[in-house]
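Note sheet for the following structure.
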Amino acid sequence: MSQQPSPPSTPATVTVFASPTSWIESDAVAQCHQVAALDGMTHVAAMPDLHPGKGAPIGAAMTSTVLYPFLVGSDIGCGIAVFPVKLKRAVPEKLAARFPDLDRALDPEQDADDPAWDVVKGDIPAGHLEGLGTVGRGNHFVELARIGTVLEPDHASRLGLSAGDLVLIVHSGSRGLGERILRAHTEVHGAGPAPDPGAYLAMHDDAVRWGSLNRRLLAARVAYALGAEPTEPIVDQCHNLVELRDGAYLHRKGAAPGDGRDVLIAGTRGTPSYLVAAHAGPDAGHSVAHGAGRKMSRADALRRGRAKHTVEELRRTPVGSLVVCGDRQLLFEEAPTAYKRIEQVIDDLVHHDLATPVATTIPLVTYKTPDLGSTPRRDRRRRRGRP
DNA sequence: ATGTAC
């Protein structure tokens with residue numbers, strides 16, 4: 001009996017779930033085809049918010065017979081959660097000033113009395129305390145928003161939502177923990193597959209749990225600071241993770257689980273976001289988009305933004321909301337004009353029958369990092385050096 | 001997106 005030849009490796013299929021008129025960078029599509037050519041890949045589903053990432057595209061669900069940690073990236077467990085919040089009045093100017101410093105981690109000893117700890121039930125995953133309760137940088141944020149248009153009243157009602165209700169939207173991940181997990185893999189295996197998927201998955205699952213806990217801690221810190229009670233999230237979906245599904249590894253990078261779940265698809269701080277009922281099938285990698293998707297690189301947004309906008313324009317958005325962001329560069333990088341139109345992304349999902357919009361959320365205050373206030377930078381530095 | 005090095 002002759003040796004059976006190994007089956008010819010047919011390249012994985014690549015499907016882009018966007019209309020031809022949607023702006024998708026060719027570099028991002030090229031990245032999808034590079035991923036499709038990896039050993040063991042069977043399918044790449046690109047979402048309408050697809051844009052180029054570091055090595056792998058962002059906004060894609062990638063299926064393979066082997067587990068590639070770099071396809072999930074370093075922010076394992078990153079996701080978006082929505083928490084109902086009850087406030088008597090919601091004046092953006094007043095509330096923006098009350099946000100706590102979310103760059104400062106919760107310290108078990110120093111902050112022992114902080115009531116936000118109550119959301120920790122059981123152990124902290126991986127025992128990782130560094131950065132706990134911090135929002136991070138990049139596209140992460142905590143936003144106070146109000147429900148705008150309700151498009152599916154019955155579904156919204158089941159979630160306890162009506163037009164005008166307030167919610168906290170938290171987009172954050174596993175901070176240093178996920179980064180450490182990916183680095184431990186890449187230092188030895190680079191972009192290669194995990195030789196022991198079970199070992200990677202155990203650490204990965206810790207980071208996914210840590211990310212979700214972090215979003216709850218962030219929401220609780222903000223709720224208390226605004227004079228409200230913390231609540232359970234009505235939506236909490238992680239868009240950077242890998243799962244074993246139907247005998248294959250389904251990697252999601254900037255793609256939210258879309259199999260019969262409710263997902264908050266982030267617009268920008270100056271445009272609505274959409275709460276959708278997702279119903280994506282296998283062709284779409286059981287996934288939907290996670291946001292509007294970047295239209296410009298950070299470098300382009302900074303260069304073009306400086307020519308186009310003043311800092312004051314960026315701190316007060318077209319919908320009348322405020323942005324708390326003491327980091328000038330980040331203010332430009334995350335300008336609404338650096339992102340695609342969220343309506344186009346949602347339309348593409350609807351036309352491909354991947355999701356049904358339930359309600360929009362309209363930003364009131366989007367928090368990124370503490371405001372510097374009017375104190376000149378050098379004075380702050382000098383003061384920090386004092387005992 | 002990240003912690004850290006420049």
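Hydrogens, waters and symmetry mates play no part in the numbers below; they use all other heavy atoms, side chains included.
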Checklist entry - Tracing side-chain links under 4.5 Å among I, L, V, M, F, W and Y, which residues wind up in one group with Val29(A)? => result Ile24(A), Leu50(A)

Checklist entry - Under the 4.5 Å side-chain heavy-atom rule for ILVMFWY, direct or indirect, which residues accompany Val85(A)? => result Phe83(A), Leu87(A), Leu95(A), Phe99(A), Leu102(A), Val135(A), Val142(A), Leu144(A), Leu166(A), Leu168(A), Val170(A), Leu218(A), Val222(A), Leu226(A), Val324(A), Leu364(A), Val365(A), Tyr367(A)

Tell me: [atom1] of [X] to [atom2] of [N], nearest whole Å?
X: His51(A); N: dA1(B); atom1: NE2; atom2: C1'; value: 11 Å
X: Leu132(A); N: dT2(B); atom1: CG; atom2: P; value: 14 Å
X: Phe141(A); N: dA1(B); atom1: CZ; atom2: P; value: 12 Å
X: Leu182(A); N: dA1(B); atom1: CG; atom2: C1'; value: 11 Å
X: Asp75(A); N: dT2(B); atom1: CG; atom2: P; value: 5 Å

Produce the list of close N/O pairs, under 3.5 Å, pairing protein atoms with atoms of nucleotides 3-6 of chain B; give distances to one decimal.
none

Checklist entry - Any salt bridge (Lys or Arg N to Asp or Glu O under 4.0 Å) pairs touching residues 100-112 of chain A, not counting sequence neighbours? => result Asp103(A)-Arg137(A), Arg104(A)-Asp111(A)

Item to check | Residues forming a side chain to side chain donor-acceptor pair (under 3.5 Å) with Arg341(A), sequence neighbours excluded | outcome: none

Checklist entry - Can you name the side-chain contact (heavy atoms from CB on, under 4.5 Å) partners of Ala280(A), sequence neighbours left out? => result Ala284(A), Val288(A), Leu354(A)

Checklist entry - Is Arg261(A) paired with Asp236(A) through a side-chain N to carboxylate O contact shorter than 4.0 Å? => result no

Checklist entry - Counting just side-chain N and O atoms, does His140(A) come under 4.0 Å of either OP1 or OP2 of dT2(B)? => result yes

